[in-house]
Amino acid sequence: MPDTGSLRSDVLLVLRRMTDRQSELGPDIVHGLLSEMVELGPDTFTVTRDVMATILDQARRRGELPAADLNPRIVTLPPALLRHEMLLAMRPISDETLVEIVDEIYLPVLRAAGLRDRVTER
């Protein structure tokens, strides 16, 4: 479980681990697995949800986030966006894409979810 001391860095680390796994398996295998997601069942991504929930809890303890409940879709947004990229792209996902998911989408969504002025960007 990542705990780099920063919400941003923790989320980036999880996404980088996911892309490393994609590189190990190869885009063709990942694409095939993702295209079968419908048959995997709802518990398939429990680990990802738990990892993201833990990262957000750590950020709360550090004072980066208030102790507010978040919509479960917000909690799992970064890995969901990355899976979408993996499904559509038959190539490795760039680090620039990961940074964009975190900096331009996830952190702003957290702010818009009522956390404005309390979400830090370290």
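A salt bridge is absent between R61 and D3; no separation between the charged side-chain nitrogens and carboxylate oxygens falls under 4.0 Å.
Residue M86 is not grouped with residue L13 when hydrophobic side chains (ILVMFWY) are merged at heavy-atom distances under 4.5 angstrom, including chains of intermediate members.
For the pair V99/R8, a side-chain contact is recorded, criterion being any heavy-atom separation below 4.5 Å from C-beta on. Here the side chains of M18 and P79 are in contact, with some heavy-atom distance below 4.5 Å. Contact check for M52 versus I55: side-chain heavy atoms found under the 4.5 Å cut-off. Within the 4.5 Å cutoff, the side chain of R83 has heavy atoms near those of the T48 side chain. Taking the side chain as every heavy atom from C-beta outward, R17 and P2 approach each other to under 4.5 Å.
We find the CG-CD distance between L65 and Q58 to be 11.0 Å, quoted to the nearest 0.5 Å. Taking CG from L56 and OG1 from T76, the interatomic distance works out to 10.0 Å, rounded to the nearest 0.5 Å. The CG atom of L98 lies 5.0 Å from the OG1 atom of T19; values are rounded to the nearest 0.5 Å.
Residues passing the salt bridge (Lys or Arg N to Asp or Glu O under 4.0 Å) test with R60 are D57, sequence neighbours excluded. For S94, the side-chain contact (heavy atoms from CB on, under 4.5 Å) partners two or more places apart in sequence, or in a different chain, are E96, T97. Evaluation of the salt bridge (Lys or Arg N to Asp or Glu O under 4.0 Å) rule for R16 yields D95 as partners, not counting sequence neighbours. The side-chain contact (heavy atoms from CB on, under 4.5 Å) check on L77 picks up L81, I105, Y106, V109, with sequence neighbours excluded. In this structure T4 satisfies the side chain to side chain donor-acceptor pair (under 3.5 Å) test together with D10, sequence neighbours excluded. Not a single side-chain contact (heavy atoms from CB on, under 4.5 Å) links D69 to another residue, sequence neighbours left out.
The minimum heavy-atom distance between P78 and V75, with the atom names listed, is CD-O, 4.0 Å.
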Is there a side-chain contact (heavy atoms from CB on, under 4.5 Å) between L110 and L7 once you walk through the steps? CA-CA 11 Å; L110 288 174; L7 172 62; 3.7 Å; yes
